[in-house]
Amino acid sequence: MSAPGSEGKGAALTAWWEAAGEGRLLVERCRTCMSTQHYPRGFCTSCASREVEQVPASGNATLYSFTEIHRSPTPAFTAPYVIGLVRLEEGPMLMCRVVPGPDGGVACDLRGTVAWTDIEGRQLLRFVPTGSPATDYLPLLED
Amino acid sequence: VNGAAIVGVAESTLGVTDMSILDLQSEAILRALDDCGLGLQDVDGLATTGLASKFADGVVAEYLGIMPTWMDSTNIGGASFELFLARATRAIECGDANVVVISYGSNQRSMRTRGLVSAEASEAYLPLNQLEVPYGPLLPISAYALTAQRHMHEFGTKPEHLAEVAVAAREWARLNPVAYRYESGPLTVDDVLSSPMISSPLRSLDCCLVTDGGGAVVLTSRERAKGLRRTPVAVTGFGAVTTHRSVGQMPDLVSTGAAISSARAYEMAKIGPHEIDVFQVYDSFTITVLLTLEALGLCGRGESGEFVADGRIRPGGSLALNTSGGGLSYTHPGMLGIFLIIEAVRQLRGEAGKRQVSNPETALCHGTGGYFNTHATAILAVDR
């Protein structure tokens, strides 16, 4: 697993991707006002302080919303699959792949964990609901 | 008399045209100038943007053979044209321009490019490209789908409520001879719910059309407008806001910046939402309409599903909304914003034929760009 090349990504995001390459998920925290943000900018969007640092996220998260995609944007993606927005317990929101929960379904406000994984050769964040037996995505809806 | 008024409006040929972007756009501009009786030699301001080209103002000015001394080619997606109304009004008020043309054209349907193709896709610095595109969202649909899913979860909004927006749009389009779906027959809620799922909960009939089309709007001072052919339509209020770019950075998935842009517009026009006769709001997707109705203050937060469920937004209902048939059933050549203005003006002039609302005096146009990224609201009034 390797992070995408850093060319032109910006200093803060390059550091974030380097950690991702080691399987670590970071969020950016402000030492001045203690706000936590994602994505990292190198300054705080709450108080404009440059005293920020990237710290590990626990991975604990809640699924805020999701969508099952039946028509992929390019042939590189094999539909169907589910993407979602999860809120990390540290506060920030981020996009990830989603696998079904214990009952085989996906619903808003499911709790679970988000971690880096390799999906079809891409390094992606994946949200796994608590108690989910699933390691791969199964279609939710018949169409 | 201070301020600016819309004096000419026109569409180009719409649908599947096999015309170029500039053919569509110049056809619309010449028709809009004919509408008010002005000529190209009168035009000293040009506001235009598009999908295909940088220097959109230069491309269009050159094609028309004019040299405008005031120009704007800001691209904030489908909201650009409501923003141009605000900018043009200010320019005319302060004397920077006398006659402004706002224009748009796209041959997206003939060229078979649904996506808003741009260099943006290859720009690595964009957080959107690093943090969201790799997950395979079908943009823009998936961004809107995420808002719809959350709205359904939080407020009990049903797929049937989303479908009602598409059904109402079709009913209006069946009254509009230039609408793409004019002769397509009625649509039922079941038709929408049985159409192919694209990005849940949005199905293909929750999504706008892909068509060709151009449009143009001509503005001048309210003073000069009095001597022209048509009933002038004054621009009485406007507001805009940009809130984010990536959908994951949207401050709240179920409330949009339309609340901010419309609040400014209402204040300027000294009018409230319940006093306005006609609404033309961007309907890229059915959920776009529901969230916008709430943000404009026509119903409460979370109430939009139930609000539309009684047929209120169909022809004959109590809310005259998207009377052209909108992006869902009339036309959607990549960006709808200019067509919202054209339809509002036609309604205010009493020129809307079978779909004419009874004696409207005021209208609101609301443009939405990107993934609820940018919002621009404009309020119009018959200027007698």
Side-chain angles (χ1 to χ4, degrees), chain A residues 3-10 12-14 16-17 20 37-41 45 63-87 92-98 106-110 119-120 122-127 139-143, chain B residues 114-117 121-157 159 193-204 206-207 244-254 285 287 371:
Chain A
S6 63
E7 297 80 7
K9 289 186 186 303
L13 272 163
T14 297
W16 188 83
W17 278 114
Q37 65 188 17
H38 175 74
Y39 45 89
R41 275 93 158 165
T45 58
L63 184 62
Y64 186 65
S65 191
F66 66 96
T67 179
E68 185 179 54
I69 294 167
H70 289 249
R71 195 173 295 176
S72 67
T74 74
F77 299 92
T78 308
Y81 49 89
V82 174
I83 65 171
L85 292 173
V86 297
R87 190 172 293 287
M93 188 100 80
L94 48 74
M95 189 171 279
C96 57
R97 283 291 183 96
V98 177
V106 177
C108 294
D109 292 343
L110 280 180
I119 300 174
E120 294 176 335
R122 280 185 294 273
Q123 185 196 6
L124 298 173
L125 287 165
R126 183 173 63 175
F127 176 78
L140 297 175
L141 294 164
E142 303 213 348
D143 196 30
Chain B
R114 169 152 203 141
L116 305 185
V117 178
S122 61
E123 290 172 359
Y125 80 93
L126 289 173
L128 172 68
N129 285 345
Q130 292 185 45
L131 302 171
E132 298 194 355
V133 169
Y135 291 87
L138 183 64
L139 294 171
I141 301 173
S142 297
Y144 286 83
L146 288 164
T147 70
Q149 192 81 256
R150 186 69 200 179
H151 201 271
M152 289 165 67
H153 174 76
E154 228 168 279
F155 305 116
T157 308
L193 298 184
S194 59
S195 66
M197 188 66 85
I198 306 293
S199 184
S200 70
L202 299 182
R203 297 174 178 273
S204 63
D206 287 298
C207 303
H244 63 284
R245 175 62 180 138
S246 322
V247 66
Q249 299 289 323
M250 190 166 167
D252 176 353
L253 277 189
V254 291
F285 304 95
I287 186 64
Y371 322 135

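In this text the structure is predicted, and so the values were computed from the model without any measurement. In what follows, chains are A, B, ... by sequence order, proteins preceding strands, each numbered from 1.
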(Q) Can a donor-acceptor pair be found, under 3.5 Å and without considering hydrogens, that links the side chain of B/Y135 to the backbone of A/L125? (A) yes
Q: Below 4.5 Å from any heavy atom of chain A, which atoms of B/V133 appear? Answer side chain, backbone, both or neither.
A: backbone
Q.
Please report the interatomic distance NE2(B/H153) to OH(A/Y64), rounded to the nearest 0.5 Å.
A. 9.5 Å
Q | No-hydrogen, no-angle side-chain donor-acceptor test under 3.5 Å, B/S142 and A/T67 | A | no
Q: Please state whether the side chain, the backbone, both or neither of A/R87 comes within less than 4.5 Å of a heavy atom of chain B.
A: neither
Q) Got more than 12 heavy atoms from elsewhere within 6.0 Å of CZ, A/R71? A) no
Q.
To check you understand the geometry: which heavy-atom pair defines the closest contact between A/P73 and B/P137, and what is its length?
A. CG-O, 3.6 Å
Q. Non-hydrogen atoms of chain B under 4.5 Å away: do they reach the side chain of A/F77, the backbone, both or neither?
A. side chain
Q: Locate the shortest heavy-atom distance separating A/S65 from B/Q149; write the atom from each residue and the value.
A: OG-CB, 3.3 Å
Q) What heavy-atom pair brings B/L131 and A/M95 nearest, and what distance separates the two atoms? A) O-CB, 4.0 Å
Q. Strictly by modelled atom types, are A/W17 and B/Q130 linked by a side-chain donor-acceptor pair under 3.5 Å?
A. yes
**Q.** Under 3.5 Å: donor-acceptor pair, side chain of B/Q249, backbone of A/H38
**A.** yes
Q: Report the option among B/P201, B/G136, B/A145, B/S194 that has the most heavy-atom pairs separated by less than 4.5 Å from atoms of chain A.
A: B/G136
(Q) With a 4.5 angstrom heavy-atom cut-off, is it the side chain or the backbone of A/R122 that approaches chain B, or both, or neither? (A) side chain
Q: Working to the nearest 0.5 Å, report the span between CG of B/L126 and NZ of A/K9.
A: 10.5 Å
Q) Between A/L124 and B/P134, which heavy-atom pair has the shortest distance, and what is it? A) CD2-O, 3.5 Å
Q: Can you tell which part of A/I69 gets under 4.5 Å to a heavy atom of chain B, answering side chain, backbone, both or neither?
A: both
